[in-house]
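Shown next, in structure tokens, is the structure this report addresses.
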Amino acid sequence: MRTIRRNEEWVFRLVLALFIVVVCGAVLLPFIHLLAVSFSSSAANAGGKVAFLPVGFHIKAYQFILSHRDILSGFRNSVLQTTIGTVLSLLLMTMCAYPLSKKIAGQSFIIWMIMLTMLFNGGMIPTYMMIKGLGLLDSIWAVILPFCITPYYLMLMMNFFREFPEPIEEAALIDGLNPIQILFRMVLPLSKPILVTMALFMIVFYWNNWFSSLIYLNKTSMYPIMLIVRNILDGQQLVNSGMAGQDTTKYISTASLKAASIMVTSLPIFILLPFTQKYFTKGALIGAVKG
Amino acid sequence: MTKSMKSSGSGSKIKAGGVILSAMLLLSACSGGKGAAEVSSNEVAAADSGPATLTMLLAEGGVPFSKDWPTLVELEKRTNVELDVQAVPSDYQSKAKIVLSSDKIPDMVTSVEQPTVLEMSETGVLLPISDYMDKLPHLKSRIEEFQIEEELDNWRGTDGKLYVVPFMKDYANYNRAPLIRSDILKENGLQAPANMDELYTLLKKLKELYPDSYPLTGTSAENLRTMFGTAWGVDANYKGFVYDETAGQYDYLFTSDKYKAYLIYLNRLIDEGLADPEMFTSTTDQLMQKMSTGKSFVYYFWNGEHKSAINLLGKENSGPDFEISMLEPIAGPAGKKMLVGDRISNGMVIPASAAKKPYFDQLLSFIDYLYSDEGIDLLTWGTEGDTYNIVDGEKKFSDEMLKKDNLNRALWEIGAANGSYVMLWPYKWFAAVLGDPDFEKMTEVANEEGWFADVTKVPSLSAGQREEENLVYATVNDYFAKMTEQFVYGTKSIETDWDAYVKEMDSMGVGKLKKMYNDSLK
């Protein structure tokens, strides 16, 4: 009896392990391939010889990207936009989602008004006019404020708060906390999983958001890294002419340049991930209320 | 691990959302932009004698913009202006459209594409350049010299006025061509094909010699049509239509017998394994991989820059004999044709409000200078004695420039060869930069012997018509692209399904478009 159960358990663990290996492979292998491509010579890339190890190792693509005049200011602007944007988003979304998750007057009307923006938007030029009218052009707020509240994420947060055990809030109320204190002292500390998830969403969003910078900002010194990298890639596609007399060691293929730019721009996000992992624990509230 | 899976999954959701969002933004941009900007009248008084400051929206390409580029500084000195440039790092056309719809338009918005020019010409925002031709003598004489008037008509608004300063070429460039592995031909004693039958026989031979290969390859149906299709008479076109001069009306090409013949030929190549099944879906990187490793031997593509790159890569991957050469056009039913011979790529627009500025005359004479011989030499070749020399009456880049890793980049770094303010591109200059005698020689022959298909007349449409056209064309084009693919790959039979296709295309709006275009002629 026991051995059978042990066997079953062993098989289960094996299947689980295999599954995880497959999933890890699916996520990691393309990444490793890109890493290899970014370090490989253009001839090897064009010959399709690169799998998971660089062929004809060189770091030209990275040198090319990192030697761009605006790369540092790009990084700085991206970090700035992402940090301010994420903090502000979290604050505003929490303050919007928490009350809307309670039964209040006009709740469904407000929710509908917010959800409406998922279906319709003003279009690029009217939005530009509005940003301009608000005097936000050429300021960092033009690329942050319009995205602070994202209806889709707001809905996720509302659902989370809706499932928050009411007895905890009631207990806090009885102990003399006002609703704002309840939100910041009781609810938020117990809502770290949703906050961290949202933060990650917002970080990725602001980090990748180059288009609004292109539209609303006019100074190169304010452009984020993504825009600078796009500029580098566009330029490389143009630069192909006039190659007479060049040897292949000097020629950077677009393949390795693209791969290198992906590495450079996604690195900061990858560095963030391990620090947020510990918050992805489910059931932070299990056992908080005796049923 | 599952945790990181979860987060990476949501990351891609965000990206997808972003793509949809920007797609929506772009869509709405197409219908927007009609609000005429108000003309502001609070002008700053002109400085007595100092240089006028002109503002410019510039498409940054290749290298980051610098106001200290020696060529630019020299240009400013010669024309007594100071440029206040706003450089756009990427997606220039979107940004230009927005700027043109705002009420703060720079004096010069460069590199604007034809649809935007035509759309904006309706709004009254742009300066009618044709009213000021007497102040642009160099431009005027260039138009006469190049006999480009007819092509320029395609850029006029419905009122017949020209709202754009064109970027022009002196001659149409033979910059794309059939490219072929000439070393393989030599090795097997084969001849370069001169017509479609010879091409077929050659591909067949190559397939026999190299059974694992797909001799002909390409990147997309549209690219192939604009090059290969010209010999079949299915390009040049305007959204599938061509203007028939003798009948004085527009005809639709993509349901014609010419297009049918073209599809039958391609279908046969695919059917017999002579053409790459991925020839409509490959990226340039994939194409270069197939060519440089000997998986394919013939294709239509850009020659100059691409040719030297592919030869470098091919020699490393397939041995030192590897050689790709460009060919003259392969003749088809429409004759020995290749490419549309267009010479106006895009244009620079000026806001109507500029006419009230105190420096308006200086603005016009600055632009006019860009069309003068000295202006063109400075902006394409650089400074004489420094970046180029005149040897026996011919301009040659200096040794110092030729020694650079990349000549084109070296030119950009001094502010020359900049696509935003070189208004006129001499083909001799292209040939010198590319360093490819074939390009120069064939461009000359191409212009003499008429290898280029004529640019077709663009129908003159009002803003409302253009909106309707966009809607109808989107459905027509989707169905057309789908059916072309199915006919070529044999999922639909050309023999049995062709009539149904023609009927369906008509009901989808080809008839409506045709009527609209023909009405515009009246």
Side-chain angles (χ1 to χ4, degrees), chain A residues 20 23-24 27 41-49 68-70 121-129 132 152 197 200-201 204-205 208-211 214-215 218-220 223 227-228 230-231 234-236 238-248 250-251 253-255 269 273 276-277 280, chain B residues 1-8 10-11 14-15 17-18 21-22 24-26 28-29 31-33 35 60-65 86-91 94-95 97-98 101-102 284-285 288-289 292-293 304-306 308-309 312-313 316-317 402 405-409 411 419 433-436:
Chain A
I20 290 174
V23 168
C24 287
V27 174
S41 77
S42 45
N45 279 327
K49 290 177 191 152
H68 190 280
R69 185 190 69 191
D70 300 323
N121 69 63
M124 185 163 72
I125 289 167
T127 312
Y128 175 86
M129 293 302 199
K132 187 169 176 292
Y152 181 72
T197 314
L200 258 188
F201 283 161
V204 174
F205 174 81
N208 286 339
N209 180 23
W210 56 272
F211 193 72
L214 174 77
I215 301 295
N218 291 324
K219 294 195 193 88
T220 311
Y223 287 142
L227 210 46
I228 307 297
R230 276 182 73 87
N231 180 241
D234 287 356
Q236 183 60 21
L238 279 172
V239 85
N240 287 327
S241 30
M243 296 233 318
Q246 261 190 316
D247 61 66
T248 29
K250 283 176 188 161
Y251 172 69
S253 74
T254 45
I269 300 283
L273 271 179
T276 56
Q277 261 216 7
F280 287 98
Chain B
M1 206 55 225
T2 41
K3 286 164 204 159
S4 75
M5 253 172 62
K6 195 171 145 196
S7 55
S8 70
S10 26
I14 292 199
K15 263 176 216 151
L21 185 71
S22 46
M24 267 157 47
L25 288 173
L26 285 175
S28 43
S31 54
E60 201 172 69
V63 297
F65 173 78
Q86 184 191 329
V88 180
S90 185
D91 282 63
S94 313
K95 178 84 180 189
K97 236 175 161 175
I98 287 187
S101 310
S102 75
T284 307
D285 284 338
M288 288 174 91
Q289 187 170 331
S292 72
T293 52
E305 66 263 29
H306 169 78
S308 31
L312 289 172
L313 300 176
E316 297 228 345
N317 284 315
L402 290 172
D405 278 3
N406 184 306
L407 179 56
N408 210 358
R409 182 173 284 278
L411 284 168
V433 172
L434 292 173
D436 183 352

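Quantities reported herein were computed from a predicted structural model and do not represent experimental measurements. Computed from heavy atoms alone, side chains included, the values below leave out hydrogens, waters and symmetry copies. Numbered from 1 within each chain, the chains take letters A, B, ... in sequence-line order.
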(request) Output yes when a side-chain donor or acceptor of B/E60 lies under 3.5 Å from a complementary backbone atom of B/F65, and no otherwise. (result) yes
(message) Which heavy atom of B/S90 sits nearest to which heavy atom of A/L214, and what is that distance?
(response) O-CD1, 3.0 Å
(message) Are A/Y128 and B/S101 packed together at the side-chain level, in the sense that at least one heavy-atom pair is separated by less than 4.5 angstrom?
(response) no
For [X], is it the side chain, the backbone, both, or neither that has a heavy atom closer than 4.5 Å to a heavy atom of chain B?
X: A/N209; result: neither
X: A/K49; result: side chain
X: A/D70; result: side chain

(message) If I take atom CZ from residue A/F211 and atom CD1 from residue A/I215, how far apart are they, to the nearest 0.5 angstrom?
(response) 4.0 Å
(request) With a 4.5 angstrom heavy-atom cut-off, could you sort out which part of B/D91 is near chain A: side chain, backbone, both or neither? (result) both
